[in-house]
Participant: 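Supplied in structure tokens, the structure appears directly below.
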Amino acid sequence: MGERIKELEDRTRFEPAEVEPRIVERWLASGLFHPEPAGVASENYSIAIPPPNVTGSLHMGHALNGAVQDTLIRYNRMKFPPTRRTKWILGTDHAGIATQAQVEKALLTEGINRHELGREAFVERVWEWRAHYGGTIVEQFKRLGASCDYSEERFTLDEGYARAVMQVFVKLYEKGWIYRDRYIVNWDPGSRSAISDLEVEERRETDTLYSIRYDVEGGGSVTIATVRPETMLGDTAVAVHPDDERYRALVGRKAILPLVGRHLPIIADDYVKMDFGTGQLKITPAHDPNDFEIGSRHELDQVSVIGEDGRMTAEAGERFAGLTVMEAREAVVAELEREGRIVACEDYEHEVPYSHRSGQRIEPLISLQWFMSMDELARPAIAAVRDGRVRIVPENHRRVYLDWMENIRPWCISRQLWWGHRLPVYYCETCGHVNVALSAPDACAECAGHLRQEEDVLDTWFSSALWPFATLGWPQDTPELKAFYPTNVLSTARDILFLWVARMIMMGIELTGEVPFSDVYIHSVIQAPDGRRMSKSLGTGIDPLREIDSHGADAVRFGLLAMSSTQDVRYSAEKVQQGQALANKLFNAARFALVRIDASLGSDRAEAVEPQPLARTVEDRWILSRLTRVLSDTAVRIERYDFSHAALGLYDFVYGELCDWYLEIVKQRLSDLAEAGSEDDGRQELAATLLYVLRETVAMAHPLIPFVTEELWRYLDDSGELLAGCSYPRAREDLIDLQAEAELARTIEAVTLVRGWRDSVGARAGQFVDARLCADGYELTAPLLARLARLRLLAEDERSQALDAVGTSPANGDASVAGGREPPAPPTAVASVPIPGGTVEVLSGEGLDLGAAERRREATRQKLLAEIERVQGKLERSGFVQKAPAAVVAGERERLGRLRAELDVL
RNA sequence: GGGCGCGUAGCUCAGUGGGAGAGCGCUCGCUUCACACGCGAGAGGUCGCAGGUUCGAAACCCGCCGCGCCCACCA
């Protein structure tokens, strides 16, 4: 210990910026984060990281989820080493749309668009981009202390992974679940691609609702309402409800489409709401999902008037061709107005679909895309959650998952992008046959004709759906797959529950026959301190790396875990500060103990101390008992994903028990020991116990605050092992000591009460006050009480001398001297401070404002009286004694007795 | 339209059937031999409102008010 302790002596603060990089390096060099694949998954522990976007950077969500996962990983790694191998599977996602958009934007600054570059060259540029910016986020995870297996980083587009994706496509195509269809899709003009329903967000907007009159062949008219008049150019019918008496005669006749002149059948369909507007509805199958369905039922024509560029088409856009949708709307309305066809305009608030990817307004349009039918995949994935093979925590998300899965719809899996997994589909240019194969066939299987590969790539989420097993080498039966699949838990925010988690469960069961993880932990979304969403564009984002820079990774981890809960929470800088304070406190507590032990025992003997629970005194038994409780609480809380209470419980123990009380109490013993000489002075036992408590505390805290604990481990453990590879402490039930807990609880309360009294009478901080302890239950703790409350508790024979000195003693003197003399009158106390079990009688009022003490006493009396009245009232209330549980009644009676006793001595 | 959740101290949040809690902020006092990113002591709350269940409600139930999120094909 000696030399190392010396260097510790001057470090009065824990300096994360100095310590953390050094520790990361040691961890990485140790190889501890890479488990050799052995055994089967049920005896090991694994988590697959939600792969961050390859060119992304660490945001608060990553930081929280990183802290959550790393806490679980470290806890489990420590739980049963080395028989349990623990792996945190690391990798990144190619993030099709996001990455492509980034690169396109960068190219644009060079004045290049991707089409000029061509597909191959463009994809080459994206790979370069990835090589350049791709490592960032992984490096940032290291700064957080995340103990991922960095030696095996995967990427959703790497070779093996891509093969897995192709294999899945081919397999599901052959099963008939993947198919090609002309269907109305969510077209995102921003990324020029179709996107899935889940990538659409609805925004509330106010538009104008126009009522437009269409003439009817042979006289009369219909009036339809629309917020999108420009789409009327694509109308192919007008519909009314079949039960609508008003319009029965119209059905079967034809309406004449204004501006275009097309004759539209008037049909009956019960989709139409009779009570909305006029109850007459224009049908535009090519640009509205509902109308598309109605169109299919009635075999209506589909006229596409809006193109993939978001402009009116040349084919059907009439004289509006080339205008944007908004320009066309204005122009159409102007013409209709000139023709006097607009019957009414009103403001109308409704939901408008926007692309979650590009932020642009979605244009529903008909397009030839690839889809996956989900019903067969969903069924076993529903069962898995229903029967508990997959557990969702917190549980209220279970229903959300089940509801969505039970109403699942086909998934549009093709994207009109270049960056991604290109579909393994090859069209024959001769006969049109669709060839689907793992690797490109030379020629068409039907006619040997020339083949052309599908241009589209797969939705990014198609490949991420395979994440937990494709990262481990699936479809090959690798040792990694055997050792770590299925994984144990998937931790994420709820925004990708459907987008990703549900799809992993479906694909996992379908392809591997097993659920990909047994627990899904849904963590909080961290909002900005003002309650808004954290976002770059709003300027509400807080950069976790800057927080790490200024407070340390432990502080950020602790803070995020402490603020997280089962719902969304606002970012709390105070919690981060609390974490920073904890790291510093723990560091100083350990430093203090080590330096003192070293000084009191001498380096050579200090080194020989074996940390173990050798309790000699009541405070030793107390801290060991409290330690045992916090050890078991913390373990249970981590296992239950209750990170907030795990973190705060640790804080409470370190501050409220270890530092505020235990160290304050043994401080004196440690310093006495330094001067004491005898062999059997208890210094070995104290050192052993103190070191034991520190080691257990530091090890317990390690999954939550790994850096400061790892740093301290160097001084607490001589083996040279990293704490990250050591065992998690076990709660030893035999160290629970109820008696010691009760005695210390009483003493702590007494100390606090006396300090409060001292404060009220203006006693100087360092001043010792003469007093006599008149209370039961302090046989073992009286010296502690005296020292912590700064009382000079006078022994019987000293008392009268002291009283003589202040002139309050009876003249005839010493009470304790035996003999036939008269017993002296009891010394007059100048004040009486009630504590549990009795009072502290203050014998000297020198320099004290006893008037203030009297006022305080009166206040206490009033409080006591009120409390007594309350409890008494409760006991007298009809029904309480009869109906409340006996234990509660007994508790209240006991309390009443205690309160009365307190009042008596006051 | 359906669903989930929230409203507790100045702020951010715990507490979910029997004595209102924490961190920060605030007030007072401390160079008490680990830590001034420290230590000690305090002030501060009719637990959103109104009803109900109960011997007993911050907690359970009903309604209302306010706020947030998710899902959903009414132009």
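Bear in mind the structure is a predicted one, so any value in this text is a computation, not a measurement.
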Participant: With the side chain of A:Ala765 defined as its heavy atoms from C-beta on, choose the nearest nucleotide among B:rG18, B:rU32, B:rA14.
Facilitator: B:rU32
Participant: So what does A:Glu892 hit on the nucleic acid, given a heavy-atom distance under 4.0 Å: a base, only sugar-phosphate, or nothing?
Facilitator: sugar-phosphate
Participant: Can you tell which of B:rA75, B:rA14, B:rC35 lies closest to the side chain of A:Val227?
Facilitator: B:rA75
Participant: Using the C1' atom as the point on both nucleotides, what is the distance between B:rA72 and B:rG1, in whole Å?
Facilitator: 7 Å
Participant: Using a heavy-atom cut-off of under 4.0 Å over every strand shown, decide if A:Pro529 touches base, sugar-phosphate, or nothing.
Facilitator: nothing
Participant: Can you tell me which nucleotide in B:rG18, B:rC35, B:rU12 comes closest to the side chain of A:Ser572?
Facilitator: B:rU12
Participant: Using the side chain to side chain contact (heavy atoms under 4.5 Å, CB included) rule, take A:Thr634 and A:Phe653 through it: C-alpha gap first, then chi angles, then the decisive distance, then the call.
Facilitator: CA-CA 11 Å; A:Thr634 304; A:Phe653 174 73; over 6 Å; no
Participant: Can you tell me, in whole Å, how much space there is between the C1' of B:rU32 and that of B:rG23?
Facilitator: 25 Å
Participant: Once you round it to whole Å, what is the distance between P of B:rA41 and CZ of A:Arg790?
Facilitator: 13 Å
Participant: Applying side chain to side chain contact (heavy atoms under 4.5 Å, CB included) to A:Glu349 and A:Arg204, what does each step give before you reach the verdict?
Facilitator: CA-CA 7 Å; A:Glu349 205 181 310; A:Arg204 252 198 122 61; 2.6 Å; yes
Participant: OP1 or OP2 of B:rG17 versus the side-chain N and O atoms of A:Lys883: is any pair under 4.0 Å?
Facilitator: no
Participant: With C1' as the reference atom in both, quote the distance from B:rG18 to B:rA57 in angstrom, rounded to an integer.
Facilitator: 10 Å
Participant: Quantified in whole Å, what is the P atom distance between nucleotide B:rG15 and nucleotide B:rG52?
Facilitator: 29 Å
Participant: So that I can compare with my own list, what are the stems of RNA chain B, taken as at least three consecutive Watson-Crick or G-U pairs with distances under 3.5 Å?
Facilitator: B:1-7 with B:65-71, B:10-13 with B:21-24, B:26-30 with B:38-42
Participant: For a quick test of reading the model: is some side-chain N or O of A:Arg591 closer than 4.0 Å to OP1 or OP2 of B:rA34?
Facilitator: no
Participant: Which part of the nucleic acid, if any, lies within reach of A:His551 when heavy atoms closer than 4.0 Å are counted: base, sugar-phosphate only, or nothing?
Facilitator: nothing
Participant: Given B:rC37, B:rC55, B:rA34, identify the nucleotide with an atom nearest to the side chain of A:Gln580.
Facilitator: B:rC37
Participant: Identify whether any heavy atom of A:Asp495 sits under 4.0 Å from a base atom; if not, whether one sits that close to sugar-phosphate; answer base, sugar-phosphate or nothing.
Facilitator: nothing
Participant: Using the P atoms only, state how far B:rC26 lies from B:rC47, rounded to an integer number of Å.
Facilitator: 27 Å
Participant: Using a strict cut-off of less than 4.0 Å between a Lys/Arg side-chain nitrogen and an Asp/Glu carboxylate oxygen, indicate whether A:Arg203 and A:Glu201 qualify as a salt bridge.
Facilitator: yes
Participant: Taking the minimum atom-to-atom distance to the side chain of A:Phe880, which one of B:rG19, B:rC55, B:rC33 wins?
Facilitator: B:rC55
Participant: With respect to the side chain of A:Gln527, which nucleotide from B:rG19, B:rG68, B:rC28 is positioned closest?
Facilitator: B:rG68
Participant: Would the number of heavy atoms belonging to other residues, nucleotides or ligands and lying under 6.0 Å from NE2 of A:His356 be above 12?
Facilitator: no
Participant: Mind checking if A:Ser565 touches a base, just sugar-phosphate, or nothing, with heavy atoms under 4.0 Å?
Facilitator: sugar-phosphate
Participant: What contact category does A:Gly756 fall into here, base, sugar-phosphate, or nothing, at under 4.0 angstrom with non-hydrogen atoms?
Facilitator: sugar-phosphate
Participant: By the 4.0 Å heavy-atom rule, please label A:Arg898 as base, sugar-phosphate, or nothing.
Facilitator: base
Participant: Please check if the side chain of A:Asp642 supplies one atom and the backbone of A:Arg637 the other of a donor-acceptor pair under 3.5 Å.
Facilitator: no
Participant: Less than 4.0 angstrom between a side-chain N/O of A:Tyr348 and OP1 or OP2 of B:rA75, yes or no?
Facilitator: yes
Participant: Distance between the C1' atoms of B:rC24 and B:rC37, in whole angstroms?
Facilitator: 13 Å
Participant: For A:Arg494, answer base if it contacts any base atom (sugar-phosphate contacts may also be present), sugar-phosphate if it contacts only those atoms, and nothing otherwise; contact means non-hydrogen atoms under 4.0 Å.
Facilitator: sugar-phosphate
Participant: Would you measure the distance from the C1' atom in B:rC13 across to the matching atom in B:rG7 and give it in whole Å?
Facilitator: 12 Å
Participant: Of the nucleotides B:rC35, B:rU32, B:rU12, which has the atom closest to the A:Glu664 side chain?
Facilitator: B:rC35
Participant: What distance, rounded to whole Å, do you find between the two C1' atoms, one in B:rC28 and one in B:rG44?
Facilitator: 15 Å
Participant: Name the nucleic acid region contacted by A:Phe768, choosing base, sugar-phosphate or nothing; use a 4.0 angstrom heavy-atom cut-off, strictly under.
Facilitator: nothing
Participant: Of all the heavy-atom pairs spanning A:Leu497 and A:His397, show the shortest one and how long it is.
Facilitator: CD2-O, 4.2 Å
Participant: Using a 6.0 Å distance limit plus a 45 degree cone around the ring axis, check whether A:Lys585 lies over the aromatic ring of A:Tyr651.
Facilitator: no
Participant: Where each residue is assigned the nucleotide of RNA chain B containing its nearest heavy atom, which of A:Gly277 and A:Arg399 is assigned the position nearer the 5′ end?
Facilitator: A:Arg399
Participant: Which nucleotide in the list B:rG5, B:rA34, B:rG23 gets nearest to the side chain of A:Cys659?
Facilitator: B:rA34
Participant: Hey, does the side chain of A:Arg764 come within less than 4.0 Å of B:rC30's phosphate (OP1/OP2), counting only N and O?
Facilitator: no
Participant: Can you classify the ring geometry of A:Phe14 versus A:Phe587 as parallel (below 30°), tilted (30 to 60°) or perpendicular (above 60°)?
Facilitator: tilted
Participant: What's A:Phe498 touching, base or sugar-phosphate or nothing? Going by heavy atoms closer than 4.0 Å.
Facilitator: sugar-phosphate
Participant: Would you kindly give the CZ-to-C1' distance between A:Arg398 and B:rG3, to the nearest whole Å?
Facilitator: 16 Å
Participant: Just N and O in the side chain of A:Lys273: are any of them under 4.0 Å from OP1 or OP2 of B:rC74?
Facilitator: no
Participant: Given that A:Met563 and A:Tyr651 both sit by RNA chain B, which one's nearest nucleotide is further toward the 5' end?
Facilitator: A:Met563
Participant: Mind checking if A:Glu867 touches a base, just sugar-phosphate, or nothing, with heavy atoms under 4.0 Å?
Facilitator: sugar-phosphate
Participant: Tell me the interatomic distance from A:Arg570, atom CZ, to B:rC11, atom P, rounded to whole angstroms.
Facilitator: 10 Å
Participant: Does A:Arg11, at its CZ atom, have more than 12 non-hydrogen atoms belonging to other residues, nucleotides or ligands within less than 6.0 Å?
Facilitator: yes
Participant: Between the base of B:rG40 and the side chain of A:Arg755, is one N or O donor paired with an acceptor at under 3.5 angstrom?
Facilitator: no
Participant: Under the salt bridge (Lys or Arg N to Asp or Glu O under 4.0 Å) definition, can you give me all pairs with a residue in residues 869-882 of chain A, not counting sequence neighbours?
Facilitator: A:Glu867-A:Arg870, A:Lys874-A:Glu892
Participant: So, OP1 or OP2 of B:rC37: does either fall under 4.0 Å of a side-chain N or O from A:Arg13?
Facilitator: yes
Participant: Measuring from the side chain of A:Lys585 (C-beta onward, heavy atoms only), which nucleotide among B:rA34, B:rG56, B:rA14 has the closest atom?
Facilitator: B:rA34
Participant: Base, sugar-phosphate, or nothing for A:Ser760, non-hydrogen atoms under 4.0 angstrom?
Facilitator: nothing
Participant: Look at the side-chain N and O atoms of A:Lys667 and state whether any lies under 4.0 Å from the OP1 or OP2 oxygen of B:rA34.
Facilitator: yes
Participant: I want to verify a distance call: between B:rA41, B:rA72, B:rA34, whose nearest atom is closest to the A:Asp759 side chain?
Facilitator: B:rA41
Participant: Classify A:Gln578 by what it touches in the nucleic acid, base, sugar-phosphate, or nothing, heavy-atom distance under 4.0 Å.
Facilitator: sugar-phosphate
Participant: Among A:Arg893, A:Arg895, A:Arg900, which one satisfies side chain to side chain contact (heavy atoms under 4.5 Å, CB included) with A:Val871?
Facilitator: A:Arg895
Participant: Hey, does the side chain of A:Arg409 come within less than 4.0 Å of B:rA72's phosphate (OP1/OP2), counting only N and O?
Facilitator: yes
Participant: Verify the neighbour count for atom CD of A:Glu406: are there more than 12 heavy atoms of other residues, nucleotides or ligands below 6.0 Å?
Facilitator: yes
